[in-house]
Amino acid sequence: MADVIYISKDNMVSIGSWAASLFGKLIKPLFDEKIKSKIFKFFNCGIGSSIYFDELTFEEYNITYNLIKDFIEHDLPQIPEWNGLDTTWIINLWNNELNEKMQKSPLYKK
């Protein structure tokens, strides 16, 4: 089963359910409850593990983007495994697709 990281209308990344679940569990502690309630509104509730950035405000989106960017580029390389799973694929997902797509969101501020 595939899940999706929704960035904005017509801008998403499709990833496997286990990948979405792992990615979500890794980034969830970065955010306050208000942001969590928006991006994880359907996360692990019986219909998959999709993650939604499309309902964030301009300010929330940029805070979220920068927290994810810092975590993946600075902290995650120090965590080669999490719960027995290799985390290299998350770094590759960020470098090869997710970072660029998040920067194409109308909410992204350069």
Side-chain angles (χ1 to χ4, degrees):
M1 182 175 171
D3 285 307
V4 176
I5 300 172
Y6 291 96
I7 299 162
S8 58
K9 185 178 179 182
D10 301 321
N11 184 6
M12 59 192 79
V13 176
S14 179
I15 60 177
S17 293
W18 73 270
S21 181
L22 176 60
F23 180 69
K25 288 175 183 175
L26 280 169
I27 66 168
K28 198 171 190 177
L30 302 174
F31 312 115
D32 65 25
E33 290 304 316
K34 182 178 176 186
I35 290 176
K36 282 183 198 178
S37 70
K38 291 181 179 183
I39 64 177
F40 296 109
K41 63 184 174 183
F42 299 119
F43 191 77
N44 285 342
C45 67
I47 57 172
S49 299
S50 292
I51 301 167
Y52 298 81
F53 295 107
D54 58 336
E55 293 188 13
L56 297 174
T57 66
F58 178 79
E59 181 180 2
E60 290 170 337
Y61 185 87
N62 286 285
I63 289 168
T64 300
Y65 170 83
N66 286 314
L67 287 170
I68 292 170
K69 180 181 186 301
D70 288 346
F71 174 73
I72 292 175
E73 292 180 358
H74 301 287
D75 298 332
L76 197 55
Q78 309 307 315
I79 309 168
E81 281 190 4
W82 188 77
N83 284 352
L85 298 170
D86 184 355
T87 58
T88 305
W89 70 268
I90 298 173
I91 297 167
N92 292 335
L93 174 68
W94 177 258
N95 291 332
N96 298 327
E97 187 173 11
L98 189 55
N99 184 29
E100 181 180 335
K101 286 194 173 189
M102 288 189 81
Q103 289 179 0
K104 288 181 179 177
S105 168
L107 296 174
Y108 177 72
K109 177 185 175 189
K110 293 180 183 177

Answer yes or no: is there a donor N or O on one side and an acceptor on the other, between the side chain of [X] and the main chain of [Y], under 3.5 Å?
X	Y	value
Thr87	Ile79	yes
Asp3	Ser21	no
Asn11	Ile7	no
Ser14	Val4	no

**Message:** Restricting to ring pair (Phe, Tyr, Trp, His ring centres under 6.0 Å), what partner residues turn up for Phe58, sequence neighbours left out?
**Reply:** none
Would you say the side chain of [Y] lies within less than 4.5 Å of the side chain of [X], judging by non-hydrogen atoms?
X	Y	result
Leu26	Phe71	yes
Ile91	Pro77	yes
Ile5	Ile15	yes

**Distance-minimising heavy-atom pair for Lys28 and Phe40** = CG-CE1, 3.6 Å
**Request:** Looking only at non-hydrogen atoms, find the nearest pair between Leu98 and Phe23 and report the distance.
**Result:** CD2-CZ, 3.6 Å
Can you tell me how far apart [atom1] ([X]) and [atom2] ([Y]) are? Round to the nearest 0.5 Å.
X	Y	atom1	atom2	result
Trp94	Lys101	CH2	NZ	13.5 Å
Ile51	Met12	CD1	CE	13.5 Å
Thr88	Leu93	OG1	CG	12.5 Å
Lys36	Leu30	NZ	CG	9.0 Å
Phe53	Thr64	CZ	OG1	6.5 Å
Ile90	Ile27	CD1	CD1	9.0 Å

**Message:** On the six-membered ring of Tyr52, is Lys38 placed so that its NZ or CZ lies under 6.0 angstrom from the centre and within 45° of the ring axis?
**Reply:** no
**Prompt:** Is the shortest side-chain N to carboxylate O distance from Lys34 to Glu60 below 4.0 Å?
**Reply:** yes
**Prompt:** Out of Ile72, Asn66, Asp70, which one pairs with Ile68 under the side chain to side chain contact (heavy atoms under 4.5 Å, CB included) rule?
**Reply:** Ile72
**Prompt:** Between Asn99 and Tyr65, is any side-chain donor less than 3.5 angstrom from a side-chain acceptor?
**Reply:** yes
**Asked** Taking atom types as modelled and ignoring hydrogens, do the side chains of Tyr6 and Glu55 form a donor-acceptor contact shorter than 3.5 angstrom?
**Response** no
**Request:** Output, in order, the C-alpha distance, side-chain angles, deciding distance and verdict of side-chain contact (heavy atoms from CB on, under 4.5 Å) for Met102 and Tyr61.
**Result:** CA-CA 9 Å; Met102 288 189 81; Tyr61 185 87; 3.2 Å; yes
